[in-house]
Novice: 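Mind having a look at this structure? Questions to follow.
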Amino acid sequence: MTSPDWLHRLNPPQRQAVTHHTGPLLVLAGAGSGKTRVLTHRIAHLIEVGEVRPDSIVAVTFTNRAADEMRRRVDSLVDDEEAASQVIISTFHSLGARLLRANAPRADLDWNFSIYDDTDQRRLIKAILERRGQDRSRSSINRYRRYIDGCKNRGWTPEQAQENAFDAEAEESAHFYGLYQDALYRAGAADFGDLILTPLVIFRRDPHFAAGLSHLWRYVMVDEFQDTNPAQYELLDHLTTSHDNLAVVGDDDQAIYRWRGADLTHILGFEEAHDETRIVKLEQNYRSTSLILDAANDVIDHNDRRHPKTLWTDRPRGEPIAVFTGSDDREEAAYVAESIYNELRKGAQPADFAIFYRTNAQGRLFEELLRQWGISYRIVGGLSFYDRQEIKDLLAYLRAALNPYDDVATARIINTPRRGIGDATIAKLKAALTVEGIEHLQDAAAIADDEPSEQHELFSPRSHNPAKQQAIEALHSLRGVSKGGIVSFLQLLEQTRDDLLHFESLTPVVERLLERTAYPEYVEKSDPDRAEDRLRNLGELINAIEEFERDPTTPALLRSVRNAIPDDVDDPLTTSEASLHLRAFLDRSALVNPSTGDDSAESVTLMTIHGSKGLEFDTVFLVGMEEETFPSLREPDDPDELAEERRLAYVAITRAQNRLIITNARRRRVYGKFKTTEPSRFLLDIDPQRLQLDPRSTSTHVDYGSTHRRSTSRRDNDHSSHSFRSRASSSWHFDQSTTDDDTAFNQSLPDWSPVPESHITNTSGDPTGDDHTLVGATVTHTRFGVGEVLSVSGSGDRARLTIDFPAVGRQTVIRKFLKILG
DNA sequence: GGCACACGAATTTTT
DNA sequence: TTCGTGTGCC
């Protein structure tokens with residue numbers, strides 16, 4: 001077999017990594033050094049040169065986005081389409097889910113087990129605390145949740161947790177972990193941690209099983225290896241028992257998941273743990289200008305305990321890093337929005353821009369301001385589509401139908417929409433769960449629905465305990481609305497199960513469910529303000545299901561799920577076509593969260609820094625660079641925590657290809673109250689030579705950048721003024737050709753009203769003549785409603801219209817976001 | 001049983 | 001600011 005023609009396009013170390021087929025391989029890949037490139041090319045090389053079976057290659061990532069990206073690139077790189085599709089590319093969690101789905105009985109799980117996300121997890125913990133009469137405050141729930149997750153990340157079962165508990169508190173927590181695990185078991189459910197831990201437990205118990213799997217999957221690759229936690233690490237160990245073909249790629253400087261149990265020693269000690277490890281260092285950065293790279297190094301240099309490496313680039317020095325300090329967080333956001341707006345006018349593409357913040361909550365303001373400037377954006381991460389109330393409700397119905405043991409799902413929707421099952425009734429149902437033979441809410445509901453005589457026969461002999469007897473009688477005593485509600489609820493689930501048996505596709509099942517529950521009507525009545533949005537979400541869920549069923553990769557997925565079920569399983573709810581679809585879809589919805597907003601390439605990206613890892617953008621705005629916000633230190637004295645925040649800053653900076661703009665604000669609203677801030681130490685770590693203060697900064701804390709040292713320090717004492725005087729520089733987003741920006745800012749900054757018109761007309765570089773024909777027209781806007789046009793600047797789709805909306809007052813909106821009624 | 005209201009608490013980061 | 005929880009009333 002000859003070398004593929006793409007081999008010469010790789011640099012020497014990349015080529016070394018790609019052509020290394022067997023034995024352990026550690027690729028230390030600096031930011032922007034072609035990490036994904038190496039992984040995908042190595043897969044192609046294994047197939048095309050090594051003549052390795054494609055289905056013996058497993059590539060594991062941490063995020064779905066990374067998995068999707070890798071899939072896309074492998075597909076385009078490998079000539080043989082069929083072969084490419086057989087390579088397993090998956091996140092750790094999806095891989096775990098897949099293993100469990102195919103081997104549910106080994107873990108003593110029902111085929112239809114549910115996957116609990118952290119909301120479900122919290123609800124379950126709360127239910128246990130409730131049952132035990134313990135404190136069920138949020139902090140208590142979170143404490144247990146953190147503890148349990150921590151154990152699972154370490155690969156500890158409740159027994160191991162007990163063994164590792166060295167004080168009373170830990171013992172108590174470990175005990176609770178056991179109770180929690182029992183409850184999960186009874187609910188036929190696995191939480192996220194179990195997706196890793198349970199396969200691990202199977203492997204430990206049955207090494208032959210693990211060995212068999214490792215014979216099948218002979219080439220294992222791991223992306224972002226620095227983020228593996230001990231459980232994942234052990235899982236990899238089992239998967240490679242019969243060989244040591246483990247290729248890991250990572251960068252210790254980009255380890256940002258310590259809080260999720262990631263352990264840096266895995267990558268730092270890989271060489272010692274694996275004999276004859278081949279180490280390849282990728283040190284040439286192809287992404288960023290040298291100045292950006294230097295700034296990143298300024299920040300990361302403060303960390304010790306790193307793999308020694310020097311990242312270099314032959315790219316030009318590039319533009320200085322712009323720094324802007326707003327007088328408050330709103331001004332900061334306005335600055336970013338305006339800067340992007342100006343660049344777009346000059347012909348830049350929205351997709352070139354990204355805004356990175358430390359916490360999701362910071363995104364809101366940027367969202368608002370971008371919308372005001374008529375810039376389309378998308379938010380990646382944050383509350384996911386599948387986290388929305390209406391979506392979770394509908395999925396809970398499906399889960400409760402598929403898995404009657406799933407009490408968290410059942411409890412969620414037993415009275416949603418309202419059907420007369422109130423707190424008192426639910427308390428009666430829960431009270432009955434203490435009786436043997438009644439394990440689940442749906443059992444209890446069924447007893448309430450039954451005739452008393454039958455039940456007495458069934459349960460009386462066993463429950464002499466008067467309290468239990470009483471619990472059952474309480475169920476039987478239910479009458480009227482409550483009883484009716486229970487009857488219709490059970491009927492609803494039964495009908496849905498029936499549909500699952502009789503339909504080939506999931507779509508009609510869900511449509512009929514929506515109809516039967518009258519959920520849309522419920523939304524309209526209970527939440528008229530947001531009804532439109534929420535109904536659209538429900539529509540999108542149906543679309544997502546349809547799309548899933550149409551997806552070309554779905555049949556293969558379904559086949560593997562179906563094949564895993566032995567022939568002697570004849571439960572129709574497990575084997576029916578629609579239920580197969582449902583399980584696969586639920587798994588996916590639990591593990592994948594799509595971005596929200598305008599998802600086309602035509603939008604600016606907003607995300608947390610964590611979400612940005614692995615991505616690159618022409619221009620990056622790194623916002624909120626203040627102490628407490630970033631770094632955000634829970635334990636201010638914990639050096640490890642600070643080191644991780646520093647790596648986070650490093651990740652953020654190295655995402656930028658050509659331009660980096662760092663912003664912060666002098667004061668910021670936290671919980672609705674203003675707090676004054678200090679600049680981030682990470683900003684101060686950057687050599688001022690590389691920075692350039694944007695002259696529009698209304699104030700600044702310190703001397704960033706030598707050019708402006710004098711003028712800025714003077715302004716330090718000038719907190720009240722919003723004007724800016726220092727205009728010496730021509731930073732990239734400052735259009736010097738405009739004449740009265742000063743006035744514009746002076747007018748616009750003191751009050752935080754929508755950006756005034758004067759400002760907008762000023763920034764239009766080449767006025768094309770305003771389209772006044774629209775003045776006086778009636779228009780509608782999706783958010784603001786109907787309004788009347790007061791004035792227009794510009795023409796065409798991009799024209800900016802100032803409109804009087806009776807509902808929200810005066811707003812300036814881009815033409816293309818409006819519908820003109822006449 | 002359901003609703004409206006007031007109060008208090010809370011935020012990293014993601015599968 | 002926004003969320004969830006608890007209270008009191010119909």
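Letters A, B, ... mirror the listed sequences (proteins, then strands); counts begin at 1.
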Novice: Could you check whether any side-chain N or O of A/Asn153 sits under 3.5 Å from a backbone N or O of A/Arg260, counting only pairs where one atom can act as donor and the other as acceptor?
Specialist: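 Such a contact is found between A/Asn153 side chain and A/Arg260 backbone.
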Novice: C/dT5 phosphate, OP1 or OP2: any side-chain N/O from A/Lys126 under 4.0 angstrom?
Specialist: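 Yes, within the criterion.
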Novice: Whole angstrom is fine here: how far is it from CZ in A/Arg122 over to C1' in B/dT15?
Specialist: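 Rounded to whole Å, this separation is 14 Å.
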Novice: Which part of the nucleic acid does A/Phe92 contact within heavy-atom distance under 4.0 Å: base, sugar-phosphate only, or nothing?
Specialist: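 It contacts nothing in the nucleic acid.
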Novice: Nearest-Å distance, CG (A/Asp423) to P (C/dT5)?
Specialist: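 In whole Å, C/dT5 P lies 12 Å from A/Asp423 CG.
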Novice: Quick one: side chain to side chain donor-acceptor pair (under 3.5 Å) partners of A/Tyr185, sequence neighbours excluded?
Specialist: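 For A/Tyr185 the side chain to side chain donor-acceptor pair (under 3.5 Å) partners, ignoring immediate neighbours, are A/Asp108.
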Novice: With ring pair (Phe, Tyr, Trp, His ring centres under 6.0 Å) as the rule and sequence neighbours excluded, what pairs involving residues 123-153 of chain A come up?
Specialist: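 Of all non-adjacent pairs touching residues 123-153 of chain A, those that pass ring pair (Phe, Tyr, Trp, His ring centres under 6.0 Å) are A/Tyr144-A/Phe176.
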Novice: Scan A/Arg669 against the nucleic acid and name what it touches under 4.0 Å (heavy atoms): base, sugar-phosphate only, or nothing.
Specialist: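 Nothing: the residue A/Arg669, judged by heavy atoms under 4.0 Å, touches no strand.
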Novice: Does a nitrogen or oxygen in the side chain of A/Asn415 sit under 4.0 Å from OP1 or OP2 of B/dG2?
Specialist: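 It does, given that an N or O in the side chain of A/Asn415 lies less than 4.0 Å from OP1 or OP2 of B/dG2.
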Novice: With distance as the sole test, does A/Asn415 use its side chain to make a donor-acceptor pair with the main-chain N or O of A/Gly420 at under 3.5 Å?
Specialist: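 Answer holds: yes.
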Novice: To the nearest Å, give me how far apart CD1 (A/Ile414) and C1' (B/dG2) are.
Specialist: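 Checked: the CD1 to C1' distance equals 17 Å.
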Novice: What interatomic distance, in whole Å, is found between P of B/dT13 and the corresponding atom of C/dG4?
Specialist: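 Between the two P atoms, the distance is 16 Å.
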Novice: Answer yes if the side chains of A/Asp191 and A/Tyr180 hold a donor-acceptor pair under 3.5 Å, and no otherwise.
Specialist: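 A donor-acceptor contact under 3.5 Å links the two side chains.
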Novice: Between B/dT13 and A/Trp259, is there a base-stacking contact, meaning the centre of the base's six-membered ring lies under 5.5 Å from the residue's ring centre while the planes stay under 30° apart?
Specialist: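 By the stated criterion, A/Trp259 and B/dT13 stack.
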Novice: Can you figure out which of B/dT14, B/dA10, B/dT15 approaches the side chain of A/His610 most closely?
Specialist: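 Output: B/dT14.
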Novice: Between B/dT15, B/dT14, C/dT2, which nucleotide has the shortest distance from any of its atoms to the side chain of A/Thr91?
Specialist: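 Nearest nucleotide to the side chain: B/dT15.
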Novice: Please tell me if A/Ser137 has a side-chain N or O lying less than 4.0 Å from either OP1 or OP2 of B/dA9.
Specialist: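 Looking at the OP1 and OP2 atoms of B/dA9, neither is under 4.0 Å from any side-chain N or O of A/Ser137.
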Novice: Would you mind telling me which residue lines up with the more 5' stretch of DNA chain B, A/Ser139 or A/Ala590, judged by nearest nucleotide?
Specialist: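 It is A/Ser139, whose closest nucleotide lies nearer the 5' terminus.
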Novice: Taking any heavy-atom pair under 4.0 Å as a contact, classify A/Ser94: base, sugar-phosphate, or nothing.
Specialist: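 Counting heavy atoms under 4.0 Å across all strands, no contact is made by A/Ser94.
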Novice: Tell me the interatomic distance from A/Arg123, atom CZ, to C/dG4, atom P, rounded to whole angstroms.
Specialist: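 About 9 Å, once rounded to whole Å.
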Novice: Please state how far atom CD in A/Gln121 lies from atom P in B/dT15, giving the value in whole angstrom units.
Specialist: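 Taking CD of A/Gln121 and P of B/dT15, I get 15 Å after rounding.
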Novice: Between B/dT15, B/dG1, C/dT1, which one does the side chain of A/Tyr671 approach most closely?
Specialist: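 The closest nucleotide is C/dT1.
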Novice: With respect to the side chain of A/Ala424, which nucleotide from C/dG4, B/dT15, B/dG1 is positioned closest?
Specialist: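 The listed nucleotide nearest to A/Ala424's side chain is B/dG1.
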Novice: Without decimals, in angstroms, what is the distance between A/Leu633 CG and B/dT13 C1'?
Specialist: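 Taking atom C1' of B/dT13 as the reference, CG of A/Leu633 is at 13 Å.
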Novice: Are OP1 or OP2 of B/dT13 and a side-chain N or O of A/Asn360 less than 4.0 angstrom apart?
Specialist: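 Yes, A/Asn360 has a side-chain N/O under 4.0 Å of OP1/OP2 on B/dT13.
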Novice: Could you check how far CZ of A/Arg588 sits from P of B/dT15, rounded to whole Å?
Specialist: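 To the nearest whole Å, that distance equals 14 Å.
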Novice: DNA chain B: A/Ile421 or A/Glu641, which has the more 5' nearest nucleotide?
Specialist: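 Result: A/Ile421.
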Novice: Can you see if the side chain of A/Ser632 gets near the phosphate of B/dT13 - specifically, an N or O under 4.0 Å from OP1 or OP2?
Specialist: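 Result: no.
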Novice: C/dT5, OP1 or OP2 - any side-chain N/O from A/Arg136 closer than 4.0 Å?
Specialist: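 The answer is no; no side-chain N or O of A/Arg136 sits under 4.0 Å from OP1 or OP2.
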Novice: Ring centres under 6.0 Å, that's the criterion: do A/Tyr257 and A/His610 meet it?
Specialist: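 They qualify: ring centres under 6.0 Å apart.
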Novice: Rounded to whole angstroms, how far apart are CZ on A/Arg65 and C1' on B/dT13?
Specialist: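 Going from CZ in A/Arg65 over to C1' in B/dT13 covers 14 Å.
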Novice: Would you indicate which nucleotide in C/dT1, B/dT13, B/dC3 comes nearest to any side-chain atom of A/Arg418?
Specialist: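 Ranking C/dT1, B/dT13, B/dC3 by closest atom to the A/Arg418 side chain puts B/dC3 first.
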Novice: B/dA10 phosphate, OP1 or OP2: any side-chain N/O from A/Asn142 under 4.0 angstrom?
Specialist: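 No, no such contact exists.
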Novice: Indicate whether any N or O donor in one side chain lies under 3.5 Å from an N or O acceptor in the other, for A/Ser488 and A/Gln491.
Specialist: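 No donor-acceptor contact under 3.5 Å links the two side chains.
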